[in-house]
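All values reported here derive from a predicted model rather than from experimental measurement.
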Amino acid sequence: MRTTTSTMPFCTKRHRRQVGAALLSAALSFSALTACDPPGELGLQVLPDDVPASATYVAYAGTAATVLRNDSVLTANKGNALVGHLRDTQVGTTTAESYWQVSPLTTNPSAPLVAGAQADSLVLTFGFNSFYGTPDGRQVLEAYQLARGFSDDTAYYGNSKPIKVGARLGETSFRLRYRWVKTDPVLAFPWIIGNDSLRKDSVQVLQPLRIKVDPTTSTLRADLFSKIGSSELASLANLQAILKGIVLRPKDNTTGAIVNVLPSSSNTRLTLYYRLPTDSAKQAPRQFVFSLGNVGTERHFTRLTTDFRTGDKLTRFDGALDTVTLAATAPDFTAYLQGGVELVTRIKLEKKLEELRAKRGNIVINRAELVVPVRQYAAGVYPVPSQAFLVQVDSLNRPLKTSGVLRTVQANGNDPTATNAPAVVTYDATARAYRVQLTTYLDAYVNDKLTDRRAKAFWLVPSLPALNSLGLNRALIDAAPNQIQLRVYYSEIN
């Protein structure tokens with residue numbers, strides 16, 4: 001990989017106004033630069049304010065590879081869950097299943113229901129706010145009772161083993177469904193000053209996923225109804241004797257969408273409808289509600305698997321039981337970054353950074369920025385992650401840790417040996433590139449201020465265990481020669 005270096009200092013701050021003209025010439029020929037010109041690097045048309053005019057500029061080119069991690073992602077009790085089945089030509093077919101504990105939400109009566117009470121129906125619903133797939137995507141989803149409960153001493157990850165299932169509850173065909181909901185009146189003519197006329201208004205609201213439990217395949221409706229007013233419906237622990245949990249998953253041999261389900265939605269619930277003998281025919285059925293995914297009460301997790309054989313680019317990852325690395329080489333020079341399925345991009349700059357370390361004690365790092373370009377892909381169903389993070393890894397491609405916590409590159413101005421302030425690598429949609437300031441980290445690297453071992457490479461990861469969201473957003477990293485760059489300004493100490 002080429003290293004682009006300008007050893008000439010910037011002339012003066014006044015000269016920065018002339019940089020744009022100089023760079024137009026540089027775009028045509030590097031030989032057009034004079035001794036007072038700034039670095040011949042397109043895009044650096046203005047010297048950053050935090051860099052002295054005498055600074056030296058160097059751009060280190062990095063190499064990249066796609067890494068399939070073997071430690072998976074923690075998916076338990078996130079702010080969302082995923083369910084569905086979706087194939088794309090790049091990576092393959094991803095399947096998402098969500099597992100849920102259930103607990104009573106309605107206060108249990110102190111006594112059983114009166115004689116003559118009748119169960120009406122048992123309905124399972126899930127609120128959602130988005131999905132991966134095409135606008136007309138369809139996906140058949142089905143629900144089952146769990147035959148085994150959640151283990152109290154188990155942390156659940158994306159690659160956790162499935163929990164054994166029991167009776168089938170039913171299915172639904174997912175597609176976008178809306179209904180109009182009335183809202184408070186609004187101004188009828190808001191553009192007319194002083195006109196206070198009002199009109200009725202309504203908004204379009206997504207309809208939740210809905211599965212009516214089939215009494216021919218499951219006795220759950222009758223089992224729950226018979227226990228209203230009994231201790232079995234008093235708590236999650238007591239309910240385990242009747243209902244250990246529920247799994248929502250895509251039906252075999254169906255594909256079309258992966259739905260983003262919301263545990264916190266009021267629509268995510270199991271509702272038992274029933275009637276008392278004194279209720280009139282026009283009266284709405286009574287309800288006994290059970291919650292799923294209630295923070296602090298129930299547990300839930302998403303199980304994710306990907307069949308790489310059905311994609312075109314990453315078939316080498318099929319059946320991998322350990323961390324696998326695939327270099328981003330010719331002809332396409334592309335590395336992959338995707339949440340959930342744990343595809344991360346390894347970026348290597350070590351040999352280049354050693355050139356700076358050789359100058360330690362004699363230089364000051366004024367500014368350092370990592371720029372990672374992203375390719376466009378027209379057929380993608382997964383949007384680009386809006387942010388990422390850098391995890392430090394060793395020569396064996398294993399993440400470094402401090403007290404069991406991933407050693408992330410810390411945000412500028414923070415202790416570079418800490419782990420509590422990860423630098424956010426932000427996606428610049430206009431430039432189609434990830435960018436992050438690494439000035440503090442690079443100064444610590446060059447001057448041996450880091451904890452024990454220095455990183456041999458970085459993993460660019462879309463998420464961290466402490467984050468509360470789970471997604472499948474994907475970026476195709478442009479790893480062609482000289483595209484990934486660490487841009488550094490430094491000053492020599494006289």
Side-chain angles (χ1 to χ4, degrees), residues 72 74-78 80-85 95-106 121-128 140-172 174 208-227 230-252 258-259 261-263 265 267-272 288-305 470:
S72 190
L74 185 68
T75 63
N77 290 9
K78 295 293 186 181
N80 63 308
L82 300 173
V83 59
H85 193 79
T95 302
E97 306 173 339
S98 59
Y99 293 78
W100 306 80
Q101 282 187 323
V102 183
S103 66
L105 186 60
T106 298
S121 60
L122 181 63
V123 179
L124 179 63
T125 58
F126 291 90
F128 74 96
V140 180
L141 302 173
E142 56 185 2
Y144 285 80
Q145 290 179 234
L146 294 182
R148 294 179 181 172
F150 281 61
S151 175
D152 291 337
D153 57 356
T154 299
Y156 291 97
Y157 292 81
N159 65 353
S160 292
K161 292 182 179 180
I163 300 176
K164 185 178 179 180
V165 301
R168 185 175 186 273
L169 298 177
E171 68 177 49
T172 185
F174 166 77
L209 301 174
R210 184 178 187 275
I211 296 176
K212 186 176 181 180
V213 174
D214 186 349
T216 66
T217 61
S218 169
T219 62
L220 184 59
R221 185 185 73 178
D223 293 341
L224 293 175
F225 180 70
S226 67
K227 297 300 181 181
S230 302
S231 61
E232 285 86 349
L233 300 194
S235 66
L236 183 151
N238 291 1
L239 185 61
Q240 293 289 301
I242 303 173
L243 180 58
K244 300 183 184 303
I246 290 172
V247 59
L248 183 66
R249 67 188 191 187
K251 191 174 183 178
D252 291 343
I258 294 179
V259 187
V261 176
L262 302 176
S265 170
N267 289 319
T268 301
R269 52 198 259 174
L270 178 68
T271 306
L272 174 62
F288 195 106
V289 180
F290 302 83
S291 65
L292 296 80
N294 189 17
V295 177
T297 305
E298 305 101 27
R299 301 168 69 189
H300 68 88
F301 79 97
T302 298
R303 182 173 180 270
L304 293 161
T305 58
L470 175 65

Is there a donor-acceptor pair closer than 3.5 Å between any side-chain N or O of [X] and the backbone N or O of [Y]?
{"X": "N80", "Y": "L470", "answer": "yes"}
{"X": "S265", "Y": "N267", "answer": "yes"}
{"X": "T219", "Y": "A222", "answer": "no"}
{"X": "S218", "Y": "L169", "answer": "no"}
{"X": "S226", "Y": "D223", "answer": "yes"}
{"X": "Q145", "Y": "A167", "answer": "no"}
{"X": "R303", "Y": "S160", "answer": "yes"}
{"X": "E298", "Y": "G293", "answer": "yes"}
{"X": "T217", "Y": "R168", "answer": "yes"}
{"X": "T302", "Y": "A81", "answer": "no"}

Inset, instruction - May I ask you to decide if the ring planes of F128 and F174 are parallel, tilted or perpendicular, using 30° and 60° as cut-offs? - result: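 The rings of F128 and F174 stand perpendicular, inter-plane angle above 60°.
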Legend entry - Ring geometry between F301 and Y99 (parallel below 30°, tilted from 30 to 60°, perpendicular above 60°):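 If you compare the ring of Y99 with that of F301, the planes turn out parallel.
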Inset, instruction - Go through the steps to decide whether L233 and L239 satisfy the test side-chain contact (heavy atoms from CB on, under 4.5 Å), and finish with yes or no. - result: CA-CA 6 Å; L233 300 194; L239 185 61; 3.6 Å; yes
Legend entry - Side-chain touch W100/L146, heavy atoms, less than 4.5 angstrom: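 A side-chain contact under 4.5 Å is absent here.
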Legend entry - Basic-acidic side-chain contact under 4.0 Å: K251, E142: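 So K251 does not pair with E142 through a salt bridge.
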Legend entry - From Q101 atom CD to I246 atom CD1, the distance as rounded to the nearest 0.5 Å: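 Separation between the atoms: 11.5 Å.
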